[in-house]
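If you're wondering where the values come from, they're calculated on a predicted model, not measured in any experiment.
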Amino acid sequence: MVRKQVKTLTVLYLVPYQHFGVDFAPYQILLVMGAIFVLLAIPFLLFYDRTVLPLCNRCLPRQEYASMPYDGPVYGCRREELMLPMQDGVRLYTEIFKPEGLAQFPVLIQRSCYPNQQPLYEINGAELTRRGYGYVIQTCRGTGKSEGHWEPNVNERPDGRDTLQWLNDQPWAESIGYFGASYLALTGWAIADIVPPKVKGMMLTVYGTDRFKSAYEKGLFRHDVLTGWAMQNAGHPVTADYLESCRFRPHDKVDEALWGGKLDWYQDWIHATRRTDAYWQQGWWKLLADVPGNTKVPVYIIDAWYDHHFGSAINTYASLAPETKEHSWLDIGWNHMSQPCIAWGEQHNLENGDIHRMLEWFDLLLKQKKQPEKRVRTYVMREDRWKTLEAWPAPVSRIEKLYLGETTLNAEPAEGERTFVYDPENPVPSHGAESVLTTIAEAGSLLQPEPDYRPDVVSFVSAPLEKALPICGQIKVHLNVSTDVDDTAFTAKLMEVFPDGRAYNIRGGITTIAANLPEGQTYTPGQTAKVCVEMWDMNWTVQPGSCLRLDVSSSDFPQYAVHSNYSGVWSEQEKTRIAHQKILLGEGSFVELPLHEN
């Protein structure tokens, strides 16, 4: 019972409006505690599932619907249930909400693997039919009341195609719009390029079609997203400690050693470390990556600076066909749950709900029957405002370069070096991260420790800024480095230091030496190598009087796998060794800041 409840709570992280006030770590810890603690927890968990979560499900979306002005006719709701057959005969549970008194109407549809979110679907049905929309919600194959075997991802294209074709053939469906967040966005992207004629547009939130980007950064695996997800979706209960699982070596034995059985799909993920590997260049993931370029209907893409899918989502937007992009929208806001995740200041202009966006988008497409014009909006960190841009990436006014000095960031290069010792058995903990899910409390812009807070973290701080620095785009950190091993990692984290001395991270990233070399080329210990940490995009205005600080190290765990300091596929490494790292100062080591000045 407790194990089932913990899995349910973890799933809730993936859907907006079901995350508020939930802390998963205690429940995960209960899995490995004694029977006394389990027995004590059961009454609370039952109360939470039956009382707190339904209240969250019902109140928050209903409040947002109520906040949206509507002066049109008000309709009642009639609800139907259907076991809809797919081409292979498997039937999927489908609910249909229709506005009473209308023979034909626009319809919004979702396909979901989360049947436990039934209260939210019922709110959508009641509120959308009230406004003259139909609403269809279908649970994915092998979930809830739907027949068949649950296997993530691979069935969503044929099942989505069959479902939309059925809906397209219904005389009461005047036009169709598709929307969803996270996995519900994946079910949309799976069919975005093969939709039938009545589908006029989609709104897809916090997901991207570039799965490789969601899995790897410069050769290092995103443990906190995919290892945690694999443990929760193994198809059988996994009670192993999460951090122990991430650090298990060789990692390609962790499923059989700690999780109760081999997971072939996880093995694929942890061995295909390069984008050019066959796994990413064929089959489902290659098909999905190609979908945006073949999509013809307008798409409203919504993502967030501190969403673990952000890098993939930005690549997805960039991949849209040019004619489709001219009629699509892009909004970039907060985190995976559309919530602020900063430890500084107050925000008064969040605009962080999806329902008002959904109604604005589909009212334009389906009711006014207008083609949207391209729109790009970003929430500007440290300005507490939304900014409309002509494109993304935004045009760069100029590049600001800050060179690494002995302990400073300067406008001019200076010679010298900084050294530190990297021990993979003592990694730097992730705190203030972009790409985390299992330890999601570490996501966002958080208060950072003092400079050089560990022997393996070296800090560089600028002088106070005389005027604002409007960063808009991809920050890069170029480093000339050397080491005494045949491969290693380097991390970089850029932060704003407020006038009172508090420092908050802006962006971070990681690279390996091997990832900066041409495929097939190897590094010789002791040589100077050029590496580049390419951070995810950001729109952040550093304020006058603040300083910029850069921390360089070699680990960021569990956001990324810990580099063993051996070359080769990370998941096959059986042991670790210490590396002596050197950063060579001068013209080759600098921070590159893209500025967008009005």
*Asks:* Supply the atom-to-atom distance W536 CH2 to I475 CD1, rounded to the nearest 0.5 angstrom.
*Replies:* 13.5 Å
*Asks:* Go through the steps to decide whether R222 and S214 satisfy the test side-chain contact (heavy atoms from CB on, under 4.5 Å), and finish with yes or no.
*Replies:* CA-CA 7 Å; R222 299 185 192 276; S214 292; 5.5 Å; no
*Asks:* Before you tell me yes or no, could you show the steps for R249 and V562 under side-chain contact (heavy atoms from CB on, under 4.5 Å), namely the whole-Å CA-CA distance, both residues' side-chain angles and the distance that decides it to 0.1 Å?
*Replies:* CA-CA 11 Å; R249 293 186 185 277; V562 176; 4.0 Å; yes
*Asks:* Ignoring hydrogens, what is the shortest heavy-atom contact between Q527 and S482? Give both atom names and the distance.
*Replies:*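 Smallest interatomic distance, heavy atoms only, reads O-CB, 3.2 Å.
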*Asks:* One pair to check against side chain to side chain donor-acceptor pair (under 3.5 Å): D224 and T439. What are the steps and the verdict?
*Replies:* CA-CA 7 Å; D224 209 66; T439 60; 3.0 Å; yes
*Asks:* Does H563 have any ring pair (Phe, Tyr, Trp, His ring centres under 6.0 Å) partners at least two apart in sequence or in another chain, and if so, which?
*Replies:* none
*Asks:* So, S245 versus W259: side-chain donor-acceptor pair below 3.5 Å or not?
*Replies:*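 A pair is found: one side chain offers a donor N or O, the other an acceptor, under 3.5 Å apart.
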*Asks:* Just checking Y560 against F221, ring centres under 6.0 Å apart?
*Replies:* no
*Asks:* Go through the steps for Q87 and R161 under the test side-chain contact (heavy atoms from CB on, under 4.5 Å), then give the verdict.
*Replies:* CA-CA 10 Å; Q87 286 191 7; R161 176 200 60 211; 3.7 Å; yes
*Asks:* Residues in side-chain hydrogen bond (donor to acceptor under 3.5 Å, both in side chains) with D452, at least two apart?
*Replies:*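 Only R418 meet the side-chain hydrogen bond (donor to acceptor under 3.5 Å, both in side chains) criterion with D452.
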*Asks:* Distance check, rounded to the nearest 0.5 Å: W229 atom CH2 versus H308 atom NE2?
*Replies:*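 Here the rounded value is 10.5 Å.
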*Asks:* Using the test salt bridge (charged side-chain N to carboxylate O under 4.0 Å, His left out), find all partners of R549 that sit at least two apart in sequence or belong to another chain.
*Replies:*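 Counting only residues at least two positions away or on another chain, R549 forms a salt bridge (charged side-chain N to carboxylate O under 4.0 Å, His left out) with D551.
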*Asks:* Could you give the distance from CG (N315) to NZ (K213), rounded to the nearest 0.5 Å?
*Replies:*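 Going from the CG atom of N315 to the NZ atom of K213 covers 6.5 Å.
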*Asks:* Check the side chains of E442 and S430 for a donor-acceptor pair under 3.5 angstrom, ignoring hydrogens and angles.
*Replies:*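 Looking only at side-chain atoms, E442 and S430 do not form any donor-acceptor pair under 3.5 Å.
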*Asks:* T511: what forms a side-chain hydrogen bond (donor to acceptor under 3.5 Å, both in side chains) with it, not counting sequence neighbours?
*Replies:*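 Applying side-chain hydrogen bond (donor to acceptor under 3.5 Å, both in side chains) to T511 gives N516.
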*Asks:* Please tell me if the side chains of K253 and L258 come closer than 4.5 Å, counting only heavy atoms from C-beta onward.
*Replies:*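 K253 does not reach L258 side chain to side chain.
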*Asks:* For T419 and K582, indicate whether the former's side chain and the latter's backbone hold a donor-acceptor pair under 3.5 Å.
*Replies:* no
*Asks:* I'd like to check M203 versus D354 (side-chain heavy atoms, cut-off strictly below 4.5 Å). Are they in contact?
*Replies:* yes
*Asks:* Using atom types as modelled and distance alone, determine if a side-chain donor or acceptor of T239 lies under 3.5 Å from a backbone N or O of P237.
*Replies:* no
*Asks:* Measuring only between side-chain heavy atoms, which start at C-beta, is V291 closer than 4.5 Å to R157?
*Replies:*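 Yes. Closest side-chain heavy atoms under 4.5 Å.
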*Asks:* Is it the case that Y207 and T316 place a side-chain donor and acceptor less than 3.5 Å from each other?
*Replies:* no
*Asks:* Applying ring pair (Phe, Tyr, Trp, His ring centres under 6.0 Å), name anything that partners Y422, two or more places apart in sequence or on another chain.
*Replies:*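 Counting only residues at least two positions away or on another chain, Y422 forms no ring pair (Phe, Tyr, Trp, His ring centres under 6.0 Å).
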*Asks:* May I have all residue pairs that pass salt bridge (charged side-chain N to carboxylate O under 4.0 Å, His left out) and include part of residues 256-273, sequence neighbours excluded?
*Replies:*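 Applying salt bridge (charged side-chain N to carboxylate O under 4.0 Å, His left out) to every pair that reaches into residues 256-273, excluding sequence neighbours, yields nothing.
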*Asks:* From W305 CH2 over to D303 CG, what is the distance, rounded to the nearest 0.5 angstrom?
*Replies:*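 Reported value, rounded in 0.5 Å steps: 10.0 Å.
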*Asks:* Looking at S567, is its backbone amide N or carbonyl O close enough to the side chain of Q573 to form a donor-acceptor pair, meaning the two atoms are under 3.5 Å apart?
*Replies:* yes
*Asks:* With sequence neighbours left out, write down each residue that passes side-chain hydrogen bond (donor to acceptor under 3.5 Å, both in side chains) with W189, or none if nothing qualifies.
*Replies:*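 Per chain and number, W189 pairs via side-chain hydrogen bond (donor to acceptor under 3.5 Å, both in side chains) with no residue.
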*Asks:* Has the side chain of T187 got a donor or acceptor atom that lies under 3.5 Å from a matching backbone atom of R111?
*Replies:* yes
*Asks:* For the CG atom of L186 and the SG atom of C113, what is their distance to the nearest 0.5 Å?
*Replies:*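 So the gap between those two atoms works out to 8.5 Å.
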*Asks:* When you measure from the centre of the six-membered ring of W269, is the NZ or CZ of R211 under 6.0 Å away and within 45° of the axis?
*Replies:* yes
*Asks:* So, for S553 and V428, which heavy atoms are closest and what is the spacing to 0.1 Å?
*Replies:* OG-CG2, 3.5 Å
*Asks:* Keeping to residues at least two apart or across chains, list the salt bridge (charged side-chain N to carboxylate O under 4.0 Å, His left out) pairs with something in residues 273-292.
*Replies:*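 Counting only pairs at least two positions apart or across chains, the salt bridge (charged side-chain N to carboxylate O under 4.0 Å, His left out) contacts touching residues 273-292 are D210-R275, K286-D290.
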*Asks:* Do Y266 and V254 have side-chain heavy atoms sitting under 4.5 Å apart?
*Replies:* yes
*Asks:* Could you tell me which non-hydrogen atom of A441 sits nearest to which non-hydrogen atom of L446, and how far apart they are?
*Replies:* O-CD1, 3.8 Å
*Asks:* We want to know whether W540 and Y504 form a side-chain donor-acceptor pair, criterion being a heavy-atom distance below 3.5 angstrom.
*Replies:* no
*Asks:* Are a donor atom and an acceptor atom from the side chains of S554 and Q581 found within less than 3.5 Å of each other?
*Replies:*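 Per modelled atom types, S554 and Q581 side chains form a pair under 3.5 Å.
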*Asks:* Going by side-chain hydrogen bond (donor to acceptor under 3.5 Å, both in side chains), name the residues that satisfy it together with N153, two or more places apart in sequence or in a different chain.
*Replies:* none
*Asks:* Indicate the atoms forming the closest heavy-atom contact of G509 with V533, along with that distance.
*Replies:*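 So the minimum-distance heavy-atom pair works out to C-CG1, 3.3 Å.
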*Asks:* Is a donor on one side and an acceptor on the other found under 3.5 Å between the side chain of D162 and the backbone of M86?
*Replies:* no
*Asks:* For V569 and I270, which heavy atoms make the closest approach, and how far apart are they?
*Replies:* CG1-O, 3.9 Å
*Asks:* Would you list the pairs meeting salt bridge (charged side-chain N to carboxylate O under 4.0 Å, His left out) in which at least one residue belongs to residues 553-578, sequence neighbours left out?
*Replies:* D486-R577
*Asks:* If you look at every heavy atom in A215 and W280, which pair is closest and at what distance?
*Replies:*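 Of all heavy-atom pairs spanning A215 and W280, the closest is CB-CH2, 4.1 Å.
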*Asks:* Output all residues satisfying ring pair (Phe, Tyr, Trp, His ring centres under 6.0 Å) with H431, sequence neighbours left out; order by chain, then residue number.
*Replies:* none
*Asks:* Please table the atom pairs, donor to acceptor, closer than 3.5 Å between any side-chain atom in residues 141-150 and protein atoms at least two apart or in another chain.
*Replies:*
{"unit_1": "R141", "atom_1": "NE", "unit_2": "D159", "atom_2": "OD2", "d": "2.9"}
{"unit_1": "R141", "atom_1": "NH1", "unit_2": "D88", "atom_2": "OD2", "d": "2.8"}
{"unit_1": "R141", "atom_1": "NH2", "unit_2": "D88", "atom_2": "OD1", "d": "3.3"}
{"unit_1": "R141", "atom_1": "NH2", "unit_2": "D88", "atom_2": "OD2", "d": "3.1"}
{"unit_1": "R141", "atom_1": "NH2", "unit_2": "D159", "atom_2": "OD1", "d": "2.8"}
{"unit_1": "T143", "atom_1": "OG1", "unit_2": "C140", "atom_2": "N", "d": "3.2"}
{"unit_1": "T143", "atom_1": "OG1", "unit_2": "C140", "atom_2": "O", "d": "2.7"}
{"unit_1": "S146", "atom_1": "OG", "unit_2": "Y93", "atom_2": "N", "d": "2.8"}
{"unit_1": "S146", "atom_1": "OG", "unit_2": "T139", "atom_2": "O", "d": "2.7"}
{"unit_1": "S146", "atom_1": "OG", "unit_2": "T139", "atom_2": "OG1", "d": "2.9"}
{"unit_1": "E147", "atom_1": "OE1", "unit_2": "R91", "atom_2": "N", "d": "3.0"}
{"unit_1": "E147", "atom_1": "OE2", "unit_2": "R91", "atom_2": "NE", "d": "2.9"}
{"unit_1": "E147", "atom_1": "OE2", "unit_2": "R91", "atom_2": "NH2", "d": "2.8"}

*Asks:* Answer yes if the side chains of Y183 and E156 hold a donor-acceptor pair under 3.5 Å, and no otherwise.
*Replies:*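 Yes, a side-chain donor-acceptor pair sits under 3.5 Å.
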*Asks:* Side chains of Y317 and V299: closer than 4.5 Å at any heavy-atom pair?
*Replies:*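 Y317 vs V299: side chains apart.
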*Asks:* Under a 4.5 Å cut-off applied to non-hydrogen side-chain atoms, are Q559 and E217 in contact?
*Replies:* no
*Asks:* Run the side-chain contact (heavy atoms from CB on, under 4.5 Å) test on Q232 and Y242 for me, step by step, so that the C-alpha distance in whole Å, both residues' side-chain angles and the decisive distance to 0.1 Å come before the verdict.
*Replies:* CA-CA 10 Å; Q232 290 293 337; Y242 164 63; over 6 Å; no
*Asks:* Within this structure, what is the NE2-CG distance for the pair H223 and L243, rounded to the nearest 0.5 Å?
*Replies:*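 Answer rounded to 0.5 Å: 10.0 Å.
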